[in-house]
> 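I'd like to ask some things about the structure below.
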Amino acid sequence: METFYMYCAAIGGTLMAGQFILGVLGFGHDHGFDAGGAGAGLDHAGIDHGDFDNDGQWFVGMLSFRAIVAAVTVFGLTGLAVPQWFDSPKPQTVFLIGLAAGGAVMYGIAWLMRMVYRLKSDGTVRIDRAVGARGSVYLTIPGNKSGAGKVNVTVQGRTMEYQAITSEGELPTGAAVVVVDVAGPGTLEVSKAAATNSA
């Protein structure tokens, strides 16, 4: 078993060192089984594709390549260290302690990732929340979805500029509009807003 632990520690340590070097060189993206890259929860347009808090994403997050490598490394190192700490421990005891240490590291990394993704998403404007919001045309929108213009819409307390299309007639610059749907990444579908009666 000592040879097995040594291999685990050596292979895991080598992969961790490789990840560190790639990270320094700018290639250290975690593609493995990780659910939480920059686009996992949110794409470039801010569309929410899933919450890292849900059970499926949380489980997959624990299976990220980095977490697995760290767990294997700690498992191997613990398996080598336990016999030095205790007097002739049983092989089953060493294995279980190593397994527990590796599992704890995997869980800890997944928890940290979860916190990081929460912080990242806190300041991100989600385009799907623009549905129902009112705004104004910034650049004329051609009618019948024949082209895209631009609109300014207030989303999550921020004034955002998005491309926009409409299934109605042409909407000129300055026209009041309401968002009816998200047509694609960074693009909204809008319609002319009904006039509001002032008291």
Side-chain angles (χ1 to χ4, degrees), residues 1-130 155-158 160 182 184-187:
M1 285 297 289
E2 183 176 349
T3 303
F4 174 69
Y5 295 131
M6 189 177 299
Y7 275 124
C8 287
I11 293 173
T14 301
L15 290 174
M16 286 182 69
Q19 286 180 343
F20 175 76
I21 293 172
L22 289 175
V24 170
L25 296 176
F27 299 102
H29 299 293
D30 188 8
H31 293 299
F33 299 98
D34 195 358
L42 296 167
D43 68 12
H44 297 295
I47 299 176
D48 188 9
H49 293 297
D51 188 351
F52 193 70
D53 287 337
N54 70 56
D55 294 337
Q57 293 279 13
W58 169 241
F59 177 74
V60 175
M62 287 186 66
L63 295 181
S64 74
F65 184 68
R66 288 177 181 170
I68 291 174
V69 168
V72 169
T73 304
V74 171
F75 170 76
L77 292 174
T78 303
L80 291 173
V82 169
Q84 309 300 322
W85 298 339
F86 301 98
D87 184 23
S88 301
K90 293 181 179 181
Q92 297 91 330
T93 302
V94 176
F95 182 82
L96 290 175
I97 293 176
L99 201 62
V105 168
M106 181 181 288
Y107 183 88
I109 290 176
W111 183 83
L112 287 174
M113 287 167 53
R114 188 184 191 189
M115 295 300 105
V116 169
Y117 295 140
R118 276 185 176 178
L119 289 175
K120 282 184 180 179
S121 64
D122 281 347
T124 303
V125 173
R126 293 169 49 180
I127 192 173
D128 59 311
R129 292 186 177 175
V155 186
Q156 295 177 228
R158 300 184 190 179
M160 303 295 295
V182 176
T187 304

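Here, residue 1 is the first one in the sequence, and each next residue gets the next number.
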> Decide yes or no on side-chain contact (heavy atoms from CB on, under 4.5 Å) for I97 and T78, but give the supporting numbers first.
CA-CA 7 Å; I97 293 176; T78 303; 3.7 Å; yes
> Taking all non-hydrogen atoms of both residues, which atom of I127 and which atom of T187 are closest, and how far apart?
CD1-N, 3.9 Å
> Locate the shortest heavy-atom distance separating V94 from G79; write the atom from each residue and the value.
CG1-O, 3.5 Å
> Which atoms form the tightest heavy-atom contact between A71 and G102, and what is the distance?
CB-O, 3.3 Å
> At their closest point, which heavy atom of A130 faces which heavy atom of V155, and how far apart are they?
CB-CG2, 3.6 Å
> Looking only at non-hydrogen atoms, find the nearest pair between A70 and M16 and report the distance.
CA-SD, 4.1 Å
> Between T73 and G13, which heavy-atom pair has the shortest distance, and what is it?
OG1-N, 3.4 Å
> Compute the centroid of each ring, for Y5 and then for F95, and state whether the two points are separated by less than 6.0 Å.
no
